[in-house]
Student: 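Dropping the structure in here first, questions after.
Nothing here was measured: the structure is a model prediction, and the numbers come from that model. In what follows, chains are A, B, ... by sequence order, proteins preceding strands, each numbered from 1.
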Amino acid sequence: MISDAPARQQTSDTAESAAAPSRLSRYARPVLGLLLPVTLALGWELVVWSGWSNGRLVPPPSRIFATITELARSGELVRHITATLWRVSLGFAFGVVAGTLLGAISGYWSLARRLLDPTVQALRAIPSLAWVPLFILWLGIFETSKIALIAVGVFFPVYLGVMGAILSVDRKIVEVGRTFRLSGFAMIRRILLPAVLPAYVVSLRVGLGLGWMFVVAAELIGASEGLGYLLLDGQQLGKPAQILAAIVIFAILGKLTDWLIEIASAPFLRWQDAFSRAKGA
Amino acid sequence: MLALDRVSKTYPNGVEALARFSAEIRQGEIIAIIGGSGCGKSTLLRAIAGLDRASSGTVTLDSEAIASPHAKIGIIFQEPRLLPWLSVADNIGFGLADLPATERRAKVARALERVGLADKAQAWPRELSGGQAQRVAIARALVPQPEVLLLDEPFSALDAFTRRDLQDHLLDLWADTRPTLILVTHDVDEAVVLADRVLVMRPRPGRLFDHIEINLGRPRDRNSPLFETFKRSVLTSLDRSLDRNVPDRDATQGPGQAMWW
C-alpha cells in the first residue's frame with residue numbers, strides 16, 4: 001500500500017514524458033520531409049533571381065508555377081488532365097477486373113493455376129512496352145491501344161497479388177470455417193475475402209503506380225492531348241518549364257489517387273496488427 | 001453417446017497414425033486422451049471433428065455417422081485461431097450466423113459475460129492476451145451449444161498460472177450445459193484435474209493402451225494425496241505404454257514429472 005503511491009506517480013510521469021515527443025513529432029515529421037525540397041527550390045529560385053544562372057534549361061519554381069497557371073487559365077490544363085485521368089481510370093479498371101478474376105481463379109483452383117499461371121508468367125517476362133507496336137497495329141493509334149497498354153501494366157501486379165494472397169491464406173483459419181460448416185460461397189465471403197484484403201489493397205496500389213507509368217509511355221508514343229503530350233510538346237518546342245509543370249502534376253495526381261485507395265480501404269483494415277500503427281504513424 | 005468403432009487412419013505416405021481405436025463415451029462425460037508424441041491423439045480428434053476422414057472404422061454420435069464437421073460437435077484448437085478481422089463479439093458469434101441478429105447478440109453478450117470478457121466485446125483479437133484469446137475461442141465453440149466439445153491441447157501454449165485458471169474456468173462452463181468433453185493433452189495434471197476417465201494411448205501405430213477412471217469428486221484438490229495417487233497411476237500407465245522401466249510406486253517423484261511430454 002505504501003509503495004503504491006510513488007509507483008503510480010512514476011508511471012504518470014513517464015506517460016506524460018512519452019506523450020510530449022510524440023506530439024512534437026506529429027508536426028515535426030512532415031516538416032522534416034519538406035526541408036530538403038523546399039530548400040533546394042528556394043535556393044535555385046535565388047540563384048536565378050540574382051542572375052548567376054539564366055534558368056533556361058532548369059527553370060526556377062516561380063516559372064514552373066507561372067506555366068501551370070497560364071495553362072490553367074487557357075483551359076488547356078483541364079483538357080490534358082481529363083484526358084490522362086480518363087485513360088488511367090479505364091486502363092486501371094480493365095487491368096484490375098482482369099487481374100482480380102484470373103488471380104482469384106488461379107489462386108482458388110490448383111488445376112486452373114497449373115493451366116494458366118505458366119502462360120501468364122511468361123507474358124509477364126515480356127517488357128510491357130514491347131506490346132506497343134502490336135497494340136497500335138491491332139487497335140489503332142487512338143485511345144484503345146493506350147488503354148490496353150495501361151491495362152496490361154496494371155494487370156500483372158494485381159494478378160500476382162490476388163493469387164499470392166489466396167495461396168497464403170492460413171490453413172488454420174480456413175479450418176475454423178470448416179468446423180462451422182461454411183459452404184463454398186460462405187467460406188469465400190466470410191474467410192477468404194477478408195483474409196486476402198490487405199494484400200489486395202497493396203497490389204491495387206502497385207497496379208495504380210504502374211498505370212501512371214504506362215500512361216506516360218502511351219502518351220509519349222502519340223497523342224494530341226494529355227499530360228504525356230505536354231511533356232513531348234515541351235521537349236519538341238524547347239519549353240522545359242512546361243515539361244516540369246507536367247511532371248509536377250503527375251506527381252500530385254499519382255499521390256492523390258494512391259491516397260484515395262488508402263483512405264477507401266482504411267475502414268476495412270482497421271483490424272490489422274500493423275507495424276506502422278504500433279509506431280503511431 | 002459418442003461411439004468410436006475401430007477407427008483407423010493411414011496417411012497417404014503409408015504412416016499408420018491410428019489403428020482400430022474403439023471407445024464409447026457417454027453424454028456429458030469428460031475424457032482426457034494422453035500419450036506420447038505420434039500416438040495419434042490429434043488424428044483421432046480430427047476424425048471425431050469430421051475434419052479428416054478415417055481410413056476405416058466409424059465415428060457415430062447418437063447413431064449418426066460423422067464424416068464431415070457436424071453442428072453438434074465443436075472444437076477448440078491449441079491456438080485460439082480467432083479471425084483477426086472480427087471483433088471479439090463477432091468472433092464469438094461466428095457460428096451463429098443463421099440466427100436472427102437480436103438473438104445472436106443476446107447469446108454473444110451472455111457468453112462474453114460468462115467468460116469474463118464483457119468489457120472486451122468490441123476489442124480486436126490482436127489486443128487480447130494469450131489467455132483471453134483462448135477464452136474467446138472457448139466461448140466461440142460453446143455458444144452454439146454443441147453436444148460434444150473437442151479440445152486439442154487447448155492450454156499447452158499458456159503459462160502455468162493461466163492454464164490452471166482456464167482449467168477451472170472450463171469446468172465451470174461445462175457445468176452449464178454439460179456437453180461431452182474430449183481433451184487431448186500432454187499434461188498429466190490437467191488430465192487428472194478435468195477428466196472422469198483418462199484414455200492412455202500408445203504410439204506406432206497409435207492405439208488405445210489403457211483407461212483409468214478418476215473417481216474423484218469435484219472440485220478437485222490438486223494437493224490431496226488421492227489426487228497424487230491418480231496422477232501416479234496415469235504416469236505409470238504412460239511409462240508402460242512406452243515400454244519404459246516402471247519406477248517403484250513409492251519412489252519419490254520430482255515436480256517436473258507431473259508435466260509429462
Side-chain angles (χ1 to χ4, degrees), chain A residues 15 100 104 107 110-111 161-162 164-204 261-281, chain B residues 42 45-53 66-99 104 122-128 133-134 136-138 140-146 148-152 157:
Chain A
T100 307
S110 53
L111 177 67
V162 171
I166 292 178
L167 286 178
S168 60
V169 169
D170 191 355
R171 180 192 58 80
K172 294 180 169 175
I173 292 244
V174 175
E175 216 159 61
V176 170
R178 283 184 60 206
T179 60
F180 285 106
R181 300 174 317 288
L182 295 188
S183 62
F185 179 70
M187 183 74 98
I188 290 174
R189 188 174 63 81
R190 298 184 66 192
I191 303 275
L192 290 180
L193 273 187
V196 154
L197 196 62
Y200 186 53
V201 170
V202 170
S203 75
L204 287 185
I261 295 185
E262 201 184 334
I263 57 167
S265 61
F268 303 104
L269 297 178
R270 277 184 305 140
W271 54 271
Q272 269 192 301
D273 198 356
F275 173 62
S276 63
R277 206 149 316 162
K279 282 192 310 181
Chain B
S42 292
L45 212 62
R46 293 178 62 86
I48 302 174
L51 286 171
D52 289 335
R53 206 182 267 257
I66 304 293
S68 60
H70 193 280
K72 288 180 181 171
I73 302 177
I75 184 164
I76 295 169
F77 299 97
Q78 187 174 359
E79 329 78 23
R81 299 198 187 181
L82 303 182
L83 304 176
W85 52 85
L86 295 181
S87 68
V88 165
D90 288 342
N91 261 292
I92 293 178
F94 190 78
L96 303 178
D98 299 336
L99 293 183
R104 184 171 64 229
Q122 292 315 314
W124 298 112
R126 67 178 146 94
E127 294 161 343
L128 302 178
Q134 197 60 303
V136 174
I138 293 173
R140 177 177 66 185
L142 279 175
V143 93
Q145 296 188 342
V148 178
L149 183 61
L150 310 169
L151 302 103
D152 190 0

Student: Heavy-atom cut-off 4.5 Å, strictly under: side chain, backbone, both or neither for B:Ile75 against chain A?
Tutor: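 Only the side chain of B:Ile75 comes within 4.5 Å of chain A.
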Student: Which atoms of B:Leu86 are under 4.5 Å from chain A, going by heavy atoms: the side chain, the backbone, both sets, or neither?
Tutor: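 When you check distances to chain A, no heavy atom of B:Leu86 falls under 4.5 Å.
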Student: Can you pull the side-chain hydrogen bond (donor to acceptor under 3.5 Å, both in side chains) pairs that have at least one residue in residues 183-193 of chain A, sequence neighbours excluded?
Tutor: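 Residue pairs passing side-chain hydrogen bond (donor to acceptor under 3.5 Å, both in side chains), neighbours aside: none found.
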Student: What part of A:Ala195 gets within 4.5 angstrom of chain B, counting heavy atoms only: side chain, backbone, both, or neither?
Tutor: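 Contact with chain B involves both backbone and side-chain atoms of A:Ala195.
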Student: Roughly how far, to the nearest 0.5 Å, is CD of A:Glu175 from CG of B:Asp52?
Tutor: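 It is 7.5 Å, given to the nearest 0.5 Å.
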Student: Heavy-atom distance under 4.5 Å to chain A: side chain of B:Pro125, backbone, both or neither?
Tutor: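 Neither part, no heavy atoms under 4.5 Å.
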Student: Grab the two heavy atoms, one from B:Leu51 and one from A:Arg178, that are nearest each other, plus how far apart they are.
Tutor: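 Taking every non-hydrogen atom into account, O-NH2, 2.7 Å.
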Student: Near B:Arg53 CZ, under 6.0 Å, is it more than 12 heavy atoms from other residues, nucleotides or ligands?
Tutor: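 Incorrect, the count does not exceed 12.
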Student: Rounded to the nearest 0.5 Å, what's the gap from CZ on B:Phe77 to OG1 on A:Thr179? Could you check?
Tutor: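 Answer rounded to 0.5 Å: 5.0 Å.
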Student: Give the minimum heavy-atom separation between A:Gln272 and B:Arg126, together with the two atoms involved.
Tutor: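 Reported closest heavy-atom pair: O-NE, 3.2 Å.
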Student: Can you name the closest pair of heavy atoms from B:Pro144 and A:Phe180 and give their distance?
Tutor: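 That closest heavy-atom pairing would be CG-CE2, 4.2 Å.
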Student: Any chance you could measure B:Leu83, atom CG, to A:Ile191, atom CD1, to the nearest 0.5 Å?
Tutor: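 Interatomic distance, B:Leu83 CG to A:Ile191 CD1, rounded to 0.5 Å: 5.0 Å.
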Student: Report the distance from atom CZ of B:Phe94 to atom CG of A:Leu182, rounding to the nearest 0.5 Å.
Tutor: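 Nearest 0.5 Å value for the CZ-CG distance: 4.5 Å.
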Student: Where on B:Glu127 is there a heavy atom nearer than 4.5 Å to chain A: the side chain, the backbone, both, or neither?
Tutor: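 For B:Glu127, neither part sits under 4.5 Å from chain A.
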